[in-house]
K.L.:
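Before anything else, here's the structure in question.
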Protein chains: 4
Amino acid sequence: MAETGARALGRPPDPDLQDRRRRELLLAAIDLFARKGFSSTEVQEIADAAGVAKGTVYRYFESKEALFLAAADLSMRELTEWIDRAVERCVEPVERLRTAALTVAGYFERYPERIELLAQERAVFRGSIPPTHAVYREKRRPRFEATLREAIESGKLRSVDVRALANALSYLLFGAILCGSVEHSPRTLKRLVRESIDVVLGLLKTGDDPHV
Amino acid sequence: MAETGARALGRPPDPDLQDRRRRELLLAAIDLFARKGFSSTEVQEIADAAGVAKGTVYRYFESKEALFLAAADLSMRELTEWIDRAVERCVEPVERLRTAALTVAGYFERYPERIELLAQERAVFRGSIPPTHAVYREKRRPRFEATLREAIESGKLRSVDVRALANALSYLLFGAILCGSVEHSPRTLKRLVRESIDVVLGLLKTGDDPHV
Amino acid sequence: MAETGARALGRPPDPDLQDRRRRELLLAAIDLFARKGFSSTEVQEIADAAGVAKGTVYRYFESKEALFLAAADLSMRELTEWIDRAVERCVEPVERLRTAALTVAGYFERYPERIELLAQERAVFRGSIPPTHAVYREKRRPRFEATLREAIESGKLRSVDVRALANALSYLLFGAILCGSVEHSPRTLKRLVRESIDVVLGLLKTGDDPHV
Amino acid sequence: MAETGARALGRPPDPDLQDRRRRELLLAAIDLFARKGFSSTEVQEIADAAGVAKGTVYRYFESKEALFLAAADLSMRELTEWIDRAVERCVEPVERLRTAALTVAGYFERYPERIELLAQERAVFRGSIPPTHAVYREKRRPRFEATLREAIESGKLRSVDVRALANALSYLLFGAILCGSVEHSPRTLKRLVRESIDVVLGLLKTGDDPHV
DNA sequence: CATGAATGAGCCTTCATTCAT
DNA sequence: TATGAATGAAGGCTCATTCAT
């Protein structure tokens, strides 16, 4: 893949291969950390899954913890990309909100294991670092609140406190992802989120009929 | 409790001491597991904190994991008791909902560490067991949905899908507890939950003014 | 051995056994570190040699390095005891000097491996600690110089700079132990030291015949 | 050296560069092994210090151990050269002895780290090879004893057993170098050796006044 | 029952050495 | 010939669990 012509030079350490390996390791890490938990996963297993020797893992990542963090970060970065890509086509603000939420649900329905990374991260790095998901969420907050404001100002949504609403929707989504994947099959995550979000959005819509 | 007289064969057993010890151990476990994480906490530390020898821990609990589970369970059972006690005075259904949510927030504001147990539990027992909080939530669901139905039927809340609404509120609360304790000080948990819940409840109230 | 009656109490962790174990470990450590070198010796080997599990080693010593240091210290302390015991019978100062030197030689002839500990220690703890042998030597220096002074003042030895002479004799002895054990069999250490020391002492004796 | 023209088949080999590299590596090795100890020094560090890649080290030396040995050997060969150069100007035998000893002291005062190589070597190559310094010492012994004999026969020194005296002086020097560098600053090595040696030489001088 | 010394499997990390380029 | 990425054996240390007293 993308092997076209490159790497014929000899000396340079072939950045392509390195990138591929790094990614391979991260994917293996996501999978294993998510399925077995941080401390029950041996670095050797990750190396095996990525098809490299154990020592090689340590060429790419300082430590098991650093690998975990990088894996969690990759996961959240990809989620961010999904959201950005999905949302950029939505002009209508309410639709944009719904789409964003459903994209998150869709992402974790596609990669159910990655939900566990959120829990793992929190559990393992006991407050020593701000959780990746919180960091990413905070980064998106201004855009999020702007969209809400836009929807309210354009009369699409009732007028409520924007900060409180943003929080409520965030928490709802986060809670739905975490709980939904446990209580129901992760396969139904999207439906679950849609139903929950739509209740609230339905209530928010102006016009008196809170039908979704 | 209610242990009086049972199996009082001689001196050694002393069921009171045993109960006290057991509780001592659970409290120490909650504290340490929550503060340091499951795998970073040594059984020895818990024994020390409870003032017993390490071997004694194993007289009361099969294993480190069993101790953790029992600790998580104690935590959730106490939360349940708080809710029951708080709610039993509320006749008005909407007030009952609000009170329950605020009680949960208040509980974790009082014992902020215990929030971590939720994360720990999920992280450590990777799907091998249904998380304690999910079990307790499921147990309360019928009562919860009944209250919602009651509020709707009595015209206090708009008519929406009860299941979806119950989920939405649950997830919101769960998400708020988990995120709020990280993003803000756990001291403001109650305010955070109140604001988030009140937005939604405000929207739900019949009559057109969604002011809280 | 010395098992008489003791240990019948039950709880107290039997200090005798502990002391014996500790000594067992130190002797095994001396032997193995000396024969195989510090880094080529595995903690497991020492545990095996002492008949305990690896974890037990760490109950008695903080780390492999601490174990080494304790071993080196034991070795030097025993040497000190040998010297003290041998010397206490000598009134005549020159005889005392000779006896001390020969006792050192005898000690290392008896425990040839322990010579290696001196080398190991220096090599491993690169200046991070003052070498055990230097510490012990410095502790004896006042007594040593006093003896020299006594011998000179009583006319038994020629008058020379005491400090310089003390150094010269110390270095000679130390060099002889280290080199002699390599160049010749450690079995001849005593003879080697006697010859070297006697040359110098012979020269030192008053009266013109420097015959030993 | 004397490599001129040999095997000059093409461009690549360039024996000069190779010699320079080899020396560079040895000097880096001496420095690092001496400062950090054999096992705490990584081959990579030596490569870095010499400005070559790690793999290149293995083109010049079979293994880390071989590199160490070569480094120790270089050190002793240079010492030998110093001695030879210093001594060749001395006709008077006693002066020759003194000069040799002081040159050794001067050498290690100039390169204090190299003292450590002696200790390292002994510690690492536990008897598997005769220590470099012993080999070199043994090589010089005939010349050394000849000088002593010459001094005695010419009446400059008292008549004592030559072998024993040679040993005593050797051990004294060796011990002084090893101990002196630890107990005092290596800066005073020369003074220390001079004082120690002069005591003995003073006693050896014919004529009754053993003043240095 | 309580104790805490002993156990030993487990695991992360290091680093000398190799070898494809 | 030089390079440095990859390898994987090795080993120090931890800690849950056991069990003799």
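These values consider heavy atoms only, across backbone and side chains, with no hydrogens, waters or symmetry-generated copies. Convention: sequence-line order gives letters A, B, ...; per-chain numbering from 1.
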K.L.:
Which sits closer to the 5' end of DNA chain F, D/Arg21 or B/Phe38, going by the nucleotide each is nearest to?
P.N.:
D/Arg21
K.L.:
Is it true that B/Glu116 and A/Arg122 make a salt bridge, defined as a side-chain N closer than 4.0 Å to a carboxylate O?
P.N.:
yes
K.L.:
Using a 4.0 Å heavy-atom cut-off across all strands, classify B/Thr41 as base, sugar-phosphate, or nothing.
P.N.:
sugar-phosphate
K.L.:
Check the distance between F/dA10's P and C/Lys36's NZ and give it to me in whole angstrom.
P.N.:
12 Å
K.L.:
Any Lys/Arg nitrogen of C/Asp73 or C/Arg77 sitting under 4.0 Å from an Asp/Glu carboxylate oxygen of the other?
P.N.:
yes
K.L.:
Search all heavy atoms of C/Ala123 against all heavy atoms of D/Ala123 and return the closest pair with its distance.
P.N.:
CB-CB, 3.3 Å
K.L.:
Should the pair B/Lys36-B/Glu45 be classified as a salt bridge under the 4.0 Å nitrogen-to-oxygen rule?
P.N.:
yes
K.L.:
Could you check B/Phe61, B/Tyr60, B/Phe68 and say which one makes a side chain to side chain contact (heavy atoms under 4.5 Å, CB included) with B/Leu26?
P.N.:
B/Phe61
K.L.:
For the pair A/Glu78 and A/Arg114, find out whether any cationic side-chain nitrogen is under 4.0 Å from an anionic carboxylate oxygen.
P.N.:
yes
K.L.:
Looking at B/Arg35 and B/Asp31, is there a salt bridge between them, counting it only when a charged N and a carboxylate O are closer than 4.0 Å?
P.N.:
yes
K.L.:
So, using side chain to side chain donor-acceptor pair (under 3.5 Å) as the criterion, who are the partners of D/Thr132 when residues are at least two apart?
P.N.:
D/Glu121
K.L.:
Which range-with-range stems can be found for DNA chain F when each stem has 3 or more Watson-Crick or G-U pairs in a row and both distances sit under 3.5 Å?
P.N.:
E:2-21 with F:2-21
K.L.:
Write down the distance between CG (A/Leu17) and P (F/dT7), rounded to a whole number of angstrom.
P.N.:
10 Å
K.L.:
Using a strict heavy-atom distance below 4.0 Å, which residues from residues 42-70 of chain A are in contact with DNA chain F?
P.N.:
A/Val52, A/Ala53, A/Lys54, A/Gly55, A/Thr56, A/Arg59, A/Tyr60
